Amino acid sequence: MVNIAVFVSGGGTNLQAIIDACERKEINGEIKLVISNRKKAFGLERAKNHNIEARCLKDEDLIIEALKEHKIDLIVLAGYLAIVSEKLINLYPNKIINIHPSLIPSFCGEGFYGIHVHEAAFKRGVKVSGATVHFVSNVVDGGPIILQEAIDISDCLTPEDIQLKILNNIEHKLLVKAVQLFCLNKLNVINERVEII
Ligand code: GRF
């Protein structure tokens with residue numbers, strides 16, 4: 001079983017999707033720890049509701065200590081809005097997964113987080129957007145891409161419409177699929193590209 005830590009900063013619906021998938025035995029892993037940089041993050045409540053250790057931590061050394069204490073094999077960033085340091089990334093090479101609510105390389109990088117991603121997509125007038133799950137590297141949203149899925153957003157009238165359509169139709173299932181592939185050891189990274197074996 002893979003020991004999983006999930007980092008959240010907000011509502012935690014992606015965390016909930018992983019919790020539910022683990023409980024349905026759809027993931028060969030167990031969430032041992034949920035960390036947030038925001039003590040009011042509802043994601044912490046979601047963890048507590050499922051008897052998962054939930055901690056508000058900002059100090060990197062304390063975060064690393066907690067990860068080692070729980071023998072974490074995989075870190076999932078699910079709407080985590082704090083910076084992940086080079087030190088942490090180097091401690092967990094290709095063992096940190098992030099979900100980004102666009103089709104990278106569109107609408108990603110510095111400043112593209114949360115609703116800002118969808119505001120940019122709406123402003124550009126793209127007819128298709130989606131989500132990307134990728135390994136975390138020292139380049140923001142620049143790590144090897146694991147999975148992507150697109151969806152028609154031509155019927156969306158606001159950035160919020162886009163956000164909800166992608167979150168509810170794409171993100172939750174894509175992240176669960178990526179976590180399961182990792183837990184089954186089916187992700188090979190070769191020359192910054194991910195091969196699913
Ligand atoms: C999601 O849209 C995710 O793609 C982005 O932040 C949001 C988190 O939503 N990184 P939730 O907290 O999982 O509901």
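For this chain, numbers begin at 1 and follow the sequence in order. Quick caveat: nothing in here was measured; it's all calculated off a predicted structure. Read the numbers this way: they start at 1 and go in the same order the structure lists the ligands and their atoms. What you see below is based on every heavy atom in this structure, not just the backbone, and it leaves out hydrogens, waters and symmetry mates.
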Angle class for the Y80/F7 ring planes (parallel below 30°, perpendicular above 60°, tilted otherwise)?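 Ring orientation of Y80 relative to F7: perpendicular.
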If you measure from atom 5 (C) of ligand 1 to every heavy atom of A131, G11, G79, which option wins on shortest distance?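 Looking at heavy atoms only, G79 sits closest to atom 5 (C) of ligand 1.
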What atoms of ligand 1 come closer than 4.0 angstrom to any heavy atom of P101?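 Ligand 1 atoms under the 4.0 Å threshold to P101: 4 (O).
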Without swapping roles, check the side chain of S36 against the backbone of V8 for a donor-acceptor pair under 3.5 Å.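 Side chain of S36 to backbone of V8: a pair is present.
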Can you establish whether the number of heavy atoms outside N185 located under 6.0 Å from its atom CG is more than 12?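 Not more than 12 within 6.0 Å, no.
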Around atom CZ of R124, are there more than 12 heavy atoms of other residues, nucleotides or ligands at under 6.0 Å?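 Incorrect, the count does not exceed 12.
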To the nearest 0.1 Å, how far is [atom] from its closest protein heavy atom, and which atom is that?
atom                    : value
atom 13 (O) of ligand 1 : N14 N, 2.9 Å
atom 3 (C) of ligand 1  : E171 OE1, 3.0 Å
atom 14 (O) of ligand 1 : T13 OG1, 2.6 Å
atom 12 (O) of ligand 1 : G12 N, 2.8 Å

Would you mind reporting whether [Y] and [X] have side-chain heavy atoms less than 4.5 Å apart?
X    : Y    : result
P144 : N94  : yes
C22  : I31  : yes
N28  : Q180 : yes

Close approach of G43 to ligand 1, heavy atoms, under 4.0 angstrom: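 Outside the 4.0 Å threshold, so no.
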Counting both backbone and side chain atoms, is some N or O of I99 under 3.5 Å from an N or O of ligand 1?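 Between I99 and ligand 1, an N or O pair is found under 3.5 Å apart.
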May I ask you to check if ligand 1 and H100 share an N or O to N or O distance below 3.5 Å?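 Such a contact does not occur with ligand 1.
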